[in-house]
Amino acid sequence: MSVTLADVAARAGVSAATVSRVLNGNYPVAGSTRSRVLRAVDELEYVVNGPASALAAATSDLVGVLVNDIADPFFGVMASAIQSQIGPAGDHDAEAPHGQKMAIICNTGGSPERELTYLTLLLRQRAAAVVLTGGTVEDPEHLGALATRLRRLEAGGTRVVLCGRQPLTAATDGAAAPGAAPGGAHGPEEDPGPAPVALTFDNFGGARRLTTHLLDLGHRRIGYLAGPAARTTTRQRLDGHRAALAAAGAAGGEAGTPEAERLTVHGGYDRASGYDGALELLRREPGLTAVVAANDTVALGACAALRERGLRIPEDISVAGFDDLPFAIDAAPALTTVRIPLHEAGARAGRLALGREEAPAGRTATLPADLMVRASTAPPRP
């Protein structure tokens, strides 16, 4: 059942009239009271315009696109491709039943709390569709709250697409958000419905192929610059890297061992993290012959640090990235990397969001990750 004004009032410890005054903004209310009411609205995900069931046929022309950082080309390429399918730039018929929409880019900054807040706001705005891009935090509490919000969006007529993100598992779907009733956010009678459509990237397979390439060249002392800990993309790429090392019997292949931890440095997905991380890897292992980075931006930062230390790429040390962002081929030397089909994934997500493409079998499709061998990797010096 839907959350009511009375539910919000009970959670905030005020009258229903006070809740109405806060939401309408037409009567002065004490600051502390206003904060309690707004916190209760967020916690219960109260939809100001009424129960979601009444909105199923009244969605707006908004499509929410959630990104970690729009300045990051990884997200920028996907967001642009999504918008190309839903906005004026698309070549679809604007008079068709699923005509043009307006994309709203929601920059989360990697914050799980901000991600949930945006979803609640999009629910209130009756968004026609929501596309969540990139990986997420591997935290059961957050994943439970996320699943609850996505169910509510879909119950209100909003299409939900995950782009570059793993599908919600059965365990995640059944998790309760903080403050939710047992059996789901609104009680045991809530029907979870079908899982959101998910377009995933083969991060594990791509990372394994990349490290295998370095091993085939003869490298055995390979450092890894990982992304932020406890994020799905970070884990998948690091697991693929270590799987290749383990298969070859190389150092660092067994997770949790001192050697694996010594040859891995976690950081952000930005250039500064690559720069600092490469210096830390050299401090830990001066005999490194190759560095694998979590993405291409991190790889460029690593290249800068290595050059400042007087190391030539690839003559003295090889460097590889991930994603094949637009600048990777123009780096000097051109960057060996793994190509993720960011534009294709975004365009497909846009079509799915508007119902212009059928959902894949099982509501999940894994997109390929292709190895791109370029000049930044070579056999180690004898």
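Keep in mind the model is a prediction, meaning the values are calculated, not measured. All values below were derived from every heavy atom in this structure, side-chain atoms included, with hydrogens, water molecules and symmetry-related copies excluded.
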Count I, L, V, M, F, W, Y as connected when their side-chain heavy atoms are under 4.5 Å apart, and connections chain through other members. Are [X] and [Y] then in the same cluster?
X: F322; Y: F75; answer: yes
X: I86; Y: V197; answer: yes
X: Y269; Y: V67; answer: no
X: L342; Y: I105; answer: yes
X: L300; Y: L281; answer: no

Can you confirm whether [X] sits close enough to [Y] that some side-chain heavy atom of one is under 4.5 Å from a side-chain heavy atom of the other?
X: V37; Y: V14; result: yes
X: L146; Y: L119; result: yes
X: V63; Y: V130; result: no

Do [X] and [Y] meet the criterion of a side-chain donor-acceptor pair at a distance under 3.5 Å?
X: S15; Y: T18; answer: yes
X: D202; Y: T366; answer: no
X: T336; Y: H213; answer: no
X: T120; Y: R152; answer: no
X: E259; Y: T257; answer: no

Which pair of non-hydrogen atoms, one from [X] and one from [Y], has the smallest distance, and what is that distance?
X: R374; Y: R339; result: NH2-NH2, 3.9 Å
X: A127; Y: S60; result: CA-OG, 3.8 Å
X: L150; Y: P196; result: CD1-CG, 4.1 Å

Salt-bridge contact [X]-[Y] (side-chain N to carboxylate O under 4.0 Å):
X: R151; Y: E154; result: no
X: R237; Y: D323; result: yes
X: R231; Y: E138; result: no
X: E344; Y: R348; result: no
X: R242; Y: E254; result: no
X: E115; Y: R165; result: yes
X: K101; Y: D61; result: yes
X: E285; Y: R221; result: yes

Between R363 (side chain) and A195 (backbone), is there a donor-acceptor pair under 3.5 Å? yes

I'd like to know if the side chain of T117 reaches the main chain of E113, judged simply by a donor and an acceptor atom lying under 3.5 Å from each other, with no hydrogens or angles considered.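 Checking the backbone N and O of E113 against the side chain of T117, a donor-acceptor pair under 3.5 Å is found.
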
For Y224, which residues count as a ring-ring contact (aromatic ring centres under 6.0 Å, His included) partner, sequence neighbours excluded?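 Partners of Y224 under the ring-ring contact (aromatic ring centres under 6.0 Å, His included) test: H241.
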
How long is the gap from CG on N295 to CG on L325, to the nearest 0.5 Å? 6.5 Å

